[in-house]
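Below you'll find the structure, written out as structure tokens, and then a few comments.
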Amino acid sequence: MWEELRWRGLVHVSTDGDALKELLGGPPITFYCGFDPTAPSLHLGNLVQLLTMRRIQLAGHRPLGLVGGSTGLIGDPRPTAERTLNTRDTVAEWVGHLRNQVARFLGAEGENALRVVNNLDWTAPLSAIDFLRDVGKYFRVGTMLKKDAVSARLNSAEGISFTEFSYQVLQGMDFLQLYRDYGCVLQTGGSDQWGNLTSGTDLIHKAEGTSVHAIGTPLITNSDGTKFGKSEGNAVWLDPTMTSPYAFYQFWLNTDDADVIFRLKVFTFLSREEIESLDQAVASEPFRREAQRALALEVTTLVHGAEATEAAIKAAAALFGQGELTELPGDVLDAALRELPHVTAAPASSVAQLLVDTGLTASLGESRRAIAQGGVYVNNAKVADDSATIGDAFLGAGLAVLRRGKKTLAGVFRA
RNA sequence: GGCAAGUUACCCAAGCGGCCAAAGGGAUCUGACUGUAAAUCAGACGGCUCAGCCUUCACAGGUUCGAAUCCUGUACUUGCCA
């Protein structure tokens, strides 16, 4: 198991490797990973953790999925800037969403079924005095200041609030609580969380005299230096209402050659042999994008299921196909457009406004610019005039394909 | 609590009375080339009823024909001292 994780590149930092190897190769242990509600949905960064947990679960170990009902109210310090606090209601609502998402990826059946816990359950009843006496005494300020996230902020013009500074203590408490309640001896998380992970192992060492473990997975980056997990500048979410399965599939399909093998290791359950064979394919026939197709298929199926994935593939085939749109059966095109952002509109609607309505552009000015730059198409015909209306461009079934650039599409249905 | 410095568009960062919708870099978008890659080159990058107009340079007032630039107050941030 340990070797498997290492081969997939999932271990960036960890506590003692030999001990972990033994632990993961031995009888079932209980381990946990936490997810803070910073948004209504988890994103691709969280997916790394979810799949890592699943791998460890498949080796027979018992996962605890922690949702950060309390830590989400405090905010994990980011290196750049202080977070804006969300209301308690908002956080509580997001916690609910995260619970469901976490449950989707981890088996709920059998000996080592997923158990979901919420750190608000043990944090909320704690008084400030108890917190400072029973927990605070174990933490040395010098150590706390050395954590990367904290020191980065201290050295910045932004500074850090006491609230965010305290975050590591809360996360340390979580690990201790889970150790006591469930015998949890391993925590996984992103390597940017390393300071918070060790906060827990240190606390348990001091409070209980036991050594427990932590694994930090690497931060996923793109080889060209841009930020991973952004499509069109927006985050890629696991929630299908926030990122459609179609957009999700497209995101993976557009993976850079230089990154695709690494992604397959991290984000799919394909075997070593299968991935190595795809590696060959990238080297010998890159233009076929076999590895990208496999990646997009696997990950979309994991997150959205086989049915939604099939619809996304069919939609892509229809919209990116070589043939004329008019030659496509009406129902195929109709289904494809429903996978995309779409609106209904009257023939008198201007193309520029429809671009805004479908989210292809952010403002009319941007629409005009895009048209002037020759980047807007209706049913694959370039729009030349920024005052154009959708007019009679509707195809037989009363729909039209709006495109910006090469691959950003939207559907328009006749009102 | 005292003293000092700072707050510019998505991010970093210039500007220090008119030539400023505001240099430069990054990110992003479009075009060319391609494989719905990458790299490279070119253009765009506040909003609009777009040869013009409107709203921006922390916030609120003021000085001035004219302010991102000067003055006053407020908020926030940082550093040093207590």
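In what follows, every chain begins at residue 1, and chains take the letters A, B, ... in the order their sequences are listed.
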Counting only side-chain N and O atoms of [X], is one of them less than 4.0 Å from OP1 or OP2 of [N]?
| X | N | result |
| --- | --- | --- |
| A:Arg369 | B:G46 | no |
| A:Lys407 | B:C29 | no |
| A:Ser363 | B:G46 | no |

Would you kindly compare A:Gln292 and A:Gly365 by the position of their nearest RNA chain B nucleotide and give the one closer to the 5′ end?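 Nearer the 5' end of the strand: A:Gln292.
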
Pairwise [atom1] distance for [N] and [M], with rounding to whole Å:
| N | M | atom1 | value |
| --- | --- | --- | --- |
| B:U63 | B:U55 | C1' | 23 Å |
| B:U30 | B:G47 | P | 16 Å |
| B:U72 | B:A23 | C1' | 31 Å |
| B:U56 | B:A4 | C1' | 30 Å |
| B:C45 | B:G73 | P | 40 Å |
| B:C48 | B:G62 | C1' | 31 Å |
| B:G15 | B:U36 | C1' | 42 Å |
| B:C76 | B:C29 | P | 38 Å |

Interatomic distance where [atom1] belongs to [X] and [atom2] belongs to [N] [whole Å]:
| X | N | atom1 | atom2 | value |
| --- | --- | --- | --- | --- |
| A:Phe228 | B:U28 | CZ | P | 14 Å |
| A:Asn254 | B:U34 | CG | C1' | 13 Å |
| A:Asp257 | B:U34 | CG | P | 16 Å |
| A:Lys406 | B:U28 | NZ | P | 15 Å |
| A:Leu364 | B:C29 | CG | P | 20 Å |
| A:Glu82 | B:A75 | CD | P | 19 Å |
| A:Arg368 | B:C29 | CZ | P | 22 Å |
| A:Ile371 | B:C45 | CD1 | P | 15 Å |

Return yes if some donor-acceptor pair links the side-chain N/O of A:Asn379 with the main-chain N/O of A:Val401 below 3.5 Å, else return no.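 Looks like yes, one N/O pair under 3.5 Å.
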
Please work out if A:Arg288 contacts a base, only the sugar-phosphate, or nothing of the nucleic acid, heavy-atom cut-off 4.0 Å.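 Contact class for A:Arg288: none.
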
Taking any heavy-atom pair under 4.0 Å as a contact, classify A:Thr255: base, sugar-phosphate, or nothing.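 Here A:Thr255 touches the backbone only, sparing every base.
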
Any cation-pi pair here, [X] with [Y], using under 6.0 Å and within 45°?
| X | Y | answer |
| --- | --- | --- |
| A:Arg54 | A:Phe105 | no |
| A:Arg338 | A:Phe413 | yes |
| A:Arg55 | A:Phe269 | yes |

A:Leu297 side chain near A:Thr301 side chain, heavy-atom distance below 4.5 Å: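 Touching, per the 4.5 Å side-chain cut-off.
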
Residues A:Arg8 and A:Glu3 bridged, charged N to O under 4.0 Å: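 Salt bridge: no.
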
Under the 3.5 Å rule, do the base of B:G43 and the side chain of A:Gln373 count as making a donor-acceptor pair?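 Check passes, donor-acceptor contact within cut-off.
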
Record whether the side chain of A:Gln250 comes under 3.5 Å of the base of B:U36 through a donor-acceptor pair of N or O atoms.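 For A:Gln250, whose side chain was compared with the base of B:U36, there is a donor-acceptor pair (under 3.5 Å).
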
Base-pairing assignment for [N] (Watson-Crick or G-U wobble, both under 3.5 Å):
| N | result |
| --- | --- |
| B:C50 | none |
| B:U64 | none |
| B:A38 | none |
| B:U77 | B:A5 |
| B:C33 | none |
| B:C16 | none |

Could you check, using the six-membered ring where one of them is a Trp, whether A:Trp252 and A:Phe267 have ring centers closer than 6.0 angstrom?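 Under 6.0 Å, so yes.
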
Checking contacts here: which listed nucleotide (B:U36, B:C29, B:G35) is nearest the side-chain heavy atoms of A:Ala316?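 Shortest atom-to-atom distance from the side chain points to B:U36.
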
